[in-house]
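Each chain gets a letter, A, B and so on, in the order the sequences are listed, and its residues count up from 1.
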Number of protein chains: 2
Amino acid sequence: MAKHPTKQSIGVAVDNCIFSIKNGELYILLIQMKKKPFTGMWALPGGLIHEHEEPDAAAHRVLREETNVAHLYLEQLYTFGKIKRDPAGHIISVAYLALMPMEEAHLKTLLKYFDVRWSKFSELPRLAYDHEEIAAYAKQRLEWKLEYTNVVWSLLPDRFTLTDLQKVYESILGRKMDKRNFRKKIMSLDLVEEAGGKIARGAYRPATSYKFTSRKPKIVDILS
Amino acid sequence: MAKHPTKQSIGVAVDNCIFSIKNGELYILLIQMKKKPFTGMWALPGGLIHEHEEPDAAAHRVLREETNVAHLYLEQLYTFGKIKRDPAGHIISVAYLALMPMEEAHLKTLLKYFDVRWSKFSELPRLAYDHEEIAAYAKQRLEWKLEYTNVVWSLLPDRFTLTDLQKVYESILGRKMDKRNFRKKIMSLDLVEEAGGKIARGAYRPATSYKFTSRKPKIVDILS
DNA sequence: CCAAAAGTGTTAACGCTACACCCATGT
DNA sequence: ACATGGGTGTAGCGTTAACACTTTTGG
């Protein structure tokens, strides 16, 4: 139901909320802005959609600007359109949720920003625009996704231990889980299988190495 | 992360997927277009967002153009942005899901369309743009919402019978349910209460009249 | 009195939760 | 030998799923 696009002057941007896990803690990728009026502030990586570019493609492009990852999960989150969300004018932002294993993410230093950095989600600084709202929304969606789908594959490297897996759930959902019940549930869903070999991470007993049976999105009730 | 909106010429529209229930069947509100190149085709009601208008406000405005409803549920669905989705140019559409009781929806006849009509969702005609995709997505979201929230209130009038309620679930989820288990579940959730009085709808035993205890959105696992 | 929808309980299977001890390794 | 995380089973409880007959009304 559209008419004459030339009559509008609404801008369309994408913003990426990129999550990852390190040492059983949730991190989010932030950039430090040069541009006024937010000079020095932190924000989500994003940018205007190009001419003849689809929103999904723009999100991928912005993502590749800061990092290069093979195993990646990306989904559209929500479109934020408050009039005053951008002081530069009426800019609507299509927000995306991205998940990646931090081991595979090599950050690039960019001229257009002062800095690009993984920041603990629990110590989120003030963000530019309405990006705090976007980040909070993304966190909620992530919680839901963990509980009802198998997306967790997108946060872990190829090989991992069951304790690694459990820590992802515990840190994101913010509650401790029972080790035995957790393993029973995970194994009954056929999400993972033994990869052969052990992973040693200290002066203790090494853990069995696991891998995901599939890295395709699936709906599965994982945790109540 | 936006720069200079004047450099873009992307249009932004909203499209509403409006569902309702009649005689235990799911209906969707469609308009028949006059505008070329879709003259005579059916489509979802929608339109470009105005200058200085927020997407939510645009969705409400478009909704008021075709109907006037008090009890209404409206939520953003997804933003569709395929390059070729609109032959008029690069127009991104923020799609909305709306739910209303059909009794309260008085359709307005509009000059800009040939017709505005409730159509059975099961007999959906070919739609203009990518509106078939939007409608399919909306239907999925509706199914999920029914199972995990109390939105069903938005599809029924003030007073209704438990059989009415069950038929809403059966028609949208596409499966029969056990009457006794259904009632047990609904009553245990305190979603509804007796409204006093009976509702007779034929030559048979009249049913107890119920009303919702609350018409505010809530998360509640209703059906597995 | 007949047709049609309203209304009402019990049981068995399953899934979830809670809970404690031994094992393997490096220092 | 010890400190630390890895690894394993069972029993009680609550929830879900399957199932059939009686009641009320209008015609």
Side-chain angles (χ1 to χ4, degrees), chain A residues 21-25 146-150 156-157 159-171 173-211 219-224, chain B residues 21-25 146-150 156-157 159-171 173-211 219-224:
Chain A
I21 290 278
K22 194 169 75 177
N23 301 329
E25 212 169 341
L146 270 196
E147 292 191 282
Y148 295 106
T149 77
N150 66 340
L156 286 170
R159 303 301 157 98
F160 53 89
T161 69
L162 291 183
T163 302
D164 292 340
L165 187 62
Q166 185 174 343
K167 275 187 181 163
V168 174
Y169 280 92
E170 290 183 339
S171 60
L173 300 180
R175 55 189 155 99
K176 291 286 174 203
M177 294 175 186
D178 181 89
K179 205 198 315 185
R180 282 174 289 191
N181 293 339
F182 180 82
R183 288 169 184 228
K184 236 181 305 170
K185 192 63 191 276
I186 293 294
M187 299 318 286
S188 76
L189 291 169
D190 287 322
L191 288 184
V192 300
E193 58 190 2
E194 294 198 16
K198 302 272 181 184
I199 298 176
R201 255 205 282 275
Y204 326 119
R205 174 176 176 176
T208 309
S209 167
Y210 283 84
K211 64 182 178 188
I219 303 277
V220 285
D221 273 32
I222 294 192
L223 301 163
S224 58
Chain B
I21 290 277
K22 194 170 73 179
N23 300 331
E25 212 170 341
L146 270 196
E147 290 191 285
Y148 295 105
T149 77
N150 66 339
L156 285 170
R159 303 302 157 97
F160 53 89
T161 70
L162 291 181
T163 303
D164 292 341
L165 188 62
Q166 186 174 344
K167 276 187 180 160
V168 173
Y169 281 92
E170 290 183 340
S171 60
L173 300 180
R175 53 188 156 99
K176 290 288 174 202
M177 294 175 185
D178 181 89
K179 205 199 316 185
R180 281 174 289 192
N181 292 340
F182 180 82
R183 289 170 182 228
K184 237 180 301 169
K185 192 64 190 278
I186 294 294
M187 299 318 286
S188 76
L189 292 168
D190 286 322
L191 288 185
V192 300
E193 59 190 1
E194 295 197 14
K198 302 272 180 183
I199 297 177
R201 252 199 290 269
Y204 325 118
R205 174 173 177 177
T208 309
S209 167
Y210 283 85
K211 63 183 179 187
I219 303 279
V220 285
D221 273 31
I222 293 191
L223 301 164
S224 58

Rounding to an integer number of Å, can you tell me how far A:D178 CG sits from D:dG6 C1'?
14 Å
Mind calculating the distance between CD1 (A:I199) and P (C:dA24) to the nearest angstrom?
18 Å
May I have the distance from A:R180 (atom CZ) to D:dT8 (atom P), rounded to whole angstrom?
11 Å
Pairwise distance CG(B:N150) to CG(B:L189) - rounded to 0.5 angstrom
9.5 Å
So which one's nearest nucleotide on DNA chain C is more toward 5', A:R205 or A:G202?
A:R205
What nucleic acid atoms does B:T208 come within less than 4.0 Å of, heavy atoms only: base, sugar-phosphate, or nothing?
sugar-phosphate
In whole angstrom, give the distance that lies between atom NZ of B:K185 and atom C1' of C:dG7.
20 Å
Does A:T163 reach a base, just sugar-phosphate, or nothing at all? Heavy atoms under 4.0 Å.
sugar-phosphate
Nearest whole angstrom, please: distance from the C1' of D:dA18 to the NZ of B:K176.
18 Å
Whole-Å distance, B:F160 CZ to C:dA6 C1', equals 16 Å
Establish whether the base of D:dT10 is bridged to the side chain of A:K184 by a donor-acceptor pair shorter than 3.5 Å.
yes
Choose from D:dA18, D:dT25, C:dT8 the nucleotide whose nearest atom is closest to any side-chain atom of B:N181.
D:dA18
Check the distance between C:dC14's C1' and A:D221's CG and give it to me in whole angstrom.
15 Å
To the nearest 0.5 angstrom, please state how far the OH atom of A:Y210 sits from the CZ atom of A:R159.
13.0 Å
Side-chain (B:E25) to main-chain (B:S171) donor-acceptor, under 3.5 angstrom
no
When you match A:T161 and A:A203 each to their closest nucleotide on DNA chain D, which lands nearer the 5' end?
A:A203
Here the distance between atom P of D:dC2 and atom OH of A:Y204, to the nearest Å, is 17 Å
Under 3.5 Å, side chain of B:E194 to main-chain N/O of B:T208, donor-acceptor pair present?
no
So, the side chain of B:K167 versus the backbone of B:N23: is there a donor-acceptor pair under 3.5 Å, distance only?
no
Please check the phosphate of D:dG7 (OP1 and OP2 only) for any side-chain N or O of A:K179 closer than 4.0 Å.
no
